[in-house]
Amino acid sequence: MALLAPPPGASSSRYLFLVLLTFGTTMSFQGWTLLYTNFAVEVAGLSAAQNGVVQSLREIPGLLGLLIIPLLCLFREHTLAVAATLATGIGTAIAGLFPSYGMVILTTLCMSFGFHYYEAINQSLQLQYFDLRTTPLVIGKLRGLAAGGSLLAACLVFFLSGLLPYWVLFALIGGICIAAACVGWFMRPSEQGLPAQRKKIVLRLRYRLFYALTFLAGARRQIFIAFALFLLVEKFGFSVRTVSMLFMANYAINWFLNPLLGKAINYFGERFLLSCEYGFSTLIFLGYASLDTAWIVGMLYILDYIFFNFSIALRTFFQKIADVSDIAPSMAVGQTINHISAVIIPALGGAAWVAWGSAVPFYGGMVLSILSFILVQFIDAEIRRADMMRNVRADSAK
């Protein structure tokens, strides 16, 4: 219940609006993720090549995040957030009804467009709705709530998968998301006092550090998603049940840990948290590449999952350096930059795995983490520069 209470200084209507939609979309996406592979193989009969196409197409909506910008010219952001949540739920709810290759692609795209677009809009609204001190607390709580929704989805799949057919499980999890969207439609959070947002693509040289770190974060995430779990299954023989338990452990830990990250950002600052993320990521990737003990590598996977959540500091860093009117288009641009690597990394890493061994993608992850660690050291200087520019503009306006 503590996660439902807004942090001090946060508007309760705005916070609860984001709580509801975040819970619904995260639960829907994670439920789809847990069910998809077995459904694709056992019911839809997809081949490995067809599955690869579906997984590649699933990332296209993230790459097309820039399409959010023209939508901002037609609709308010909170309306788009509700629509994206609804699309996520519908794509998940009907996924089990159409066990054919073409329909799997269509339902996957529906779910993925909804989820990716909600994520971009959600990030934008977080930075607009709340001040610099409150935003980290809100993001931490929402990430904790998302972990709780993921845990609930994992438990439903774990306990009901042997009792109910796939189409019922998809419909149940997607239906919860659809219900969240319907309630969110009637909430109408106040937009009074929000800064007007630019309705065009914004690319600024002074945001270059944010762009670079966003790209590297996306590449690091793709190595984690594409190869870490695959390593546990292929090299160490983790079963489906073991993997499910591993995911539930991750969600449970992050349910409690994520709300503390917002407080840590306010206390230690973005540079410290992101330095921890990339410093430990370097060691974790080294462990993936070199260790041969299954339970130790499994623990590294849990640690990797924990440290990846430190990336919320990248969002609060941008809030501190950005013009307030740049937030919405910049979150759309950021999502596109983050997903550029999704098209490149899995294919290159997979080819390297086959040609030179399973360690190669993780050595690549080490290089990305080291480069990110170096760039992160410039964060405080960028924040000071942005503050100085604001002060200069304020003095000129007097």
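Remember, predicted model here, so these are calculated numbers, not experimental data.
- Between Asp304 and Arg220 there is a salt bridge, with a side-chain nitrogen of the basic residue lying less than 4.0 Å from a carboxylate oxygen of the acidic one.
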What do the steps show when you test Val367 against Ile370 for side-chain contact (heavy atoms from CB on, under 4.5 Å), and what is the final call? CA-CA 5 Å; Val367 173; Ile370 291 170; 5.8 Å; no
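- How far CG of Leu34 is from CD1 of Ile173: 7.5 Å, rounded to the nearest 0.5 Å.
- Residues Leu67 and Phe75 fall within the same hydrophobic cluster, defined by Ile, Leu, Val, Met, Phe, Trp and Tyr side chains chained together at heavy-atom separations under 4.5 Å.
- Taking the side chain as every heavy atom from C-beta outward, Leu125 and Arg14 never approach each other to under 4.5 Å.
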Yes or no on ring pair (Phe, Tyr, Trp, His ring centres under 6.0 Å) for Phe310 and Phe307, after CA distance, side-chain angles and deciding distance? CA-CA 5 Å; Phe310 284 30; Phe307 282 111; 5.2 Å; yes
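- Closest non-hydrogen pair, Ala332 versus Ile68, comes out as CB-CB, 4.2 Å.
- Taking CH2 from Trp255 and CG from Leu152, the interatomic distance works out to 9.0 Å, rounded to the nearest 0.5 Å.
- Side-chain atoms of Asp323 do not come within 3.5 Å of backbone N or O of Ser325 as any donor-acceptor pair.
- At most 12 heavy atoms of other shown residues, nucleotides or ligands fall within 6.0 angstrom of atom NZ in Lys263.
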Assess whether side-chain hydrogen bond (donor to acceptor under 3.5 Å, both in side chains) is satisfied between Ser28 and Thr88, documenting all intermediate values. CA-CA 7 Å; Ser28 183; Thr88 307; 6.0 Å; no
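- Residues Leu273 and Ala313 approach most closely at CB-CB, 4.4 Å, considering heavy atoms.
- The side-chain contact (heavy atoms from CB on, under 4.5 Å) test with Leu151 is passed by exactly one of Met248, Met27, Gln30: Met248.
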Steps toward side-chain hydrogen bond (donor to acceptor under 3.5 Å, both in side chains) verdict (Gln377, Ser275): CA-CA 8 Å; Gln377 308 314 308; Ser275 295; 3.0 Å; yes
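- A continuous path of Ile, Leu, Val, Met, Phe, Trp and Tyr side chains, each step under 4.5 Å between heavy atoms, connects Tyr211 with Met331, placing both in one hydrophobic cluster.
- Annotation: the span from Ile139 atom CD1 to Asn309 atom CG amounts to 12.0 Å, rounded to 0.5 Å.
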Check against side-chain contact (heavy atoms from CB on, under 4.5 Å), Asn38 and Tyr166: CA-CA 9 Å; Asn38 291 85; Tyr166 282 107; 3.1 Å; yes
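- Looking only at side-chain heavy atoms (C-beta outward), Trp167 and Val43 stay at 4.5 Å or farther from each other.
- Side chain of Ser112 to backbone of Arg58: a donor-acceptor contact under 3.5 angstrom is found.
- Annotation for Ala359 and Ala289: closest pair CB-O, 3.5 Å, computed over non-hydrogen atoms.
- Judged purely by atom type and a 3.5 angstrom limit, Ser358 has no side-chain atom pairing as donor or acceptor with the backbone of Trp353.
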Just do the side-chain contact (heavy atoms from CB on, under 4.5 Å) check on Phe227 and Gln222 with the steps written out, would you? CA-CA 8 Å; Phe227 302 111; Gln222 284 304 316; over 6 Å; no
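- Side-chain atoms of Tyr129 never come within 3.5 Å of backbone atoms of Tyr15 as a donor-acceptor pair (strictly under, hydrogens ignored).
- For Tyr363 and Phe285, the ring centers sit 6.0 Å or farther from each other.
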Kindly determine whether Tyr278 and Phe373 satisfy ring pair (Phe, Tyr, Trp, His ring centres under 6.0 Å), including the steps that lead there. CA-CA 5 Å; Tyr278 292 116; Phe373 182 87; 8.2 Å; no
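- Looking at Gln128 and Gln123, their side chains never come closer than 4.5 Å, going by heavy atoms from C-beta outward.
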side-chain contact (heavy atoms from CB on, under 4.5 Å) for Ile302 and Leu246? Distances and angles first, verdict last. CA-CA 8 Å; Ile302 292 176; Leu246 192 65; 3.7 Å; yes
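- At least one donor-acceptor pair closer than 3.5 Å links the side chain of Thr107 to the backbone N or O of Val104.
- Under a 3.5 Å cut-off, the side chain of Thr336 and the backbone N or O of Leu63 do form a donor-acceptor pair.
- Inter-residue side-chain proximity for Leu127 and Phe318 is flagged as met; some heavy-atom pair is nearer than 4.5 Å.
- The residues Lys320 and Asp387 are annotated as not salt-bridged, no charged nitrogen and carboxylate oxygen being separated by less than 4.0 angstrom.
- Taking all atoms of both residues into account, the shortest heavy-atom contact from Ala93 to Ile178 is CB-CD1, 4.1 Å.
- Placement of Trp295 and Tyr288 within a single hydrophobic cluster is found when ILVMFWY residues are connected by side-chain heavy-atom separations under 4.5 Å, directly or transitively.
- Nearest heavy atoms, Leu20 versus Gly184: CD2-N, 3.5 Å.
- Residues Arg143 and Ile312 form a side-chain contact, since some pair of their non-hydrogen atoms from C-beta on lies under 4.5 Å apart.
- Listed here is the closest heavy atom pair of Pro259 and Asn254: CD-O, 4.2 Å.
- To the nearest 0.5 Å, atom CD1 of residue Ile306 and atom SG of residue Cys276 are 13.0 Å apart.
- Checked against the 6.0 Å centroid threshold, Phe39 and Phe170 count as a close aromatic pair.
- Side-chain heavy atoms closer than 4.5 Å link hydrophobic residues (I, L, V, M, F, W, Y) into clusters, and following such links, even through other members, never connects Leu132 to Ile379.
- Exactly one of Thr25, Thr22, Thr85 qualifies for a side-chain contact (heavy atoms from CB on, under 4.5 Å) with Asn122. That residue is Thr22.
- With contacts defined as side-chain heavy-atom distances shorter than 4.5 Å, the pair Val333/Val202 does not qualify.
- Note on Ile90 and Val168: same hydrophobic cluster, where clusters join Ile, Leu, Val, Met, Phe, Trp and Tyr whose side-chain heavy atoms are under 4.5 Å apart, directly or indirectly.
- Checking side-chain atoms of Arg208 against main-chain N and O of Leu205 turns up a donor-acceptor pair under 3.5 Å.
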Stepwise, does the side-chain hydrogen bond (donor to acceptor under 3.5 Å, both in side chains) test hold for Glu77 with Ser124? CA-CA 9 Å; Glu77 278 190 86; Ser124 171; 2.7 Å; yes
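- Under the 3.5 Å distance criterion, the side-chain polar atoms of Thr214 are left unmatched by any main-chain donor or acceptor of Asn338.
- Between Ile284 atom CD1 and Phe224 atom CZ the span is 9.0 Å, to the nearest 0.5 Å.
- Rounding to the nearest 0.5 angstrom, the gap separating the CD atom in Gln126 from the OG1 atom in Thr316 is 10.5 Å.
- In this pair, Tyr305 and Tyr301 present their aromatic rings tilted. The plane angle is within the 30 to 60° band.
- Annotation: side chain of His78 is not in contact with side chain of Met187 (no heavy-atom distance under 4.5 Å).
- Enclosure of atom CZ in Phe236 by more than 12 non-hydrogen atoms of other residues, nucleotides or ligands within 6.0 angstrom is indicated.
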Check the pair Tyr117 / Gln335 against side-chain hydrogen bond (donor to acceptor under 3.5 Å, both in side chains), numbers first and verdict last. CA-CA 9 Å; Tyr117 279 32; Gln335 184 170 101; over 6 Å; no
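- Formation of a donor-acceptor pair under 3.5 Å by the Ser150 side chain with backbone atoms of Ala146 is found in this model.
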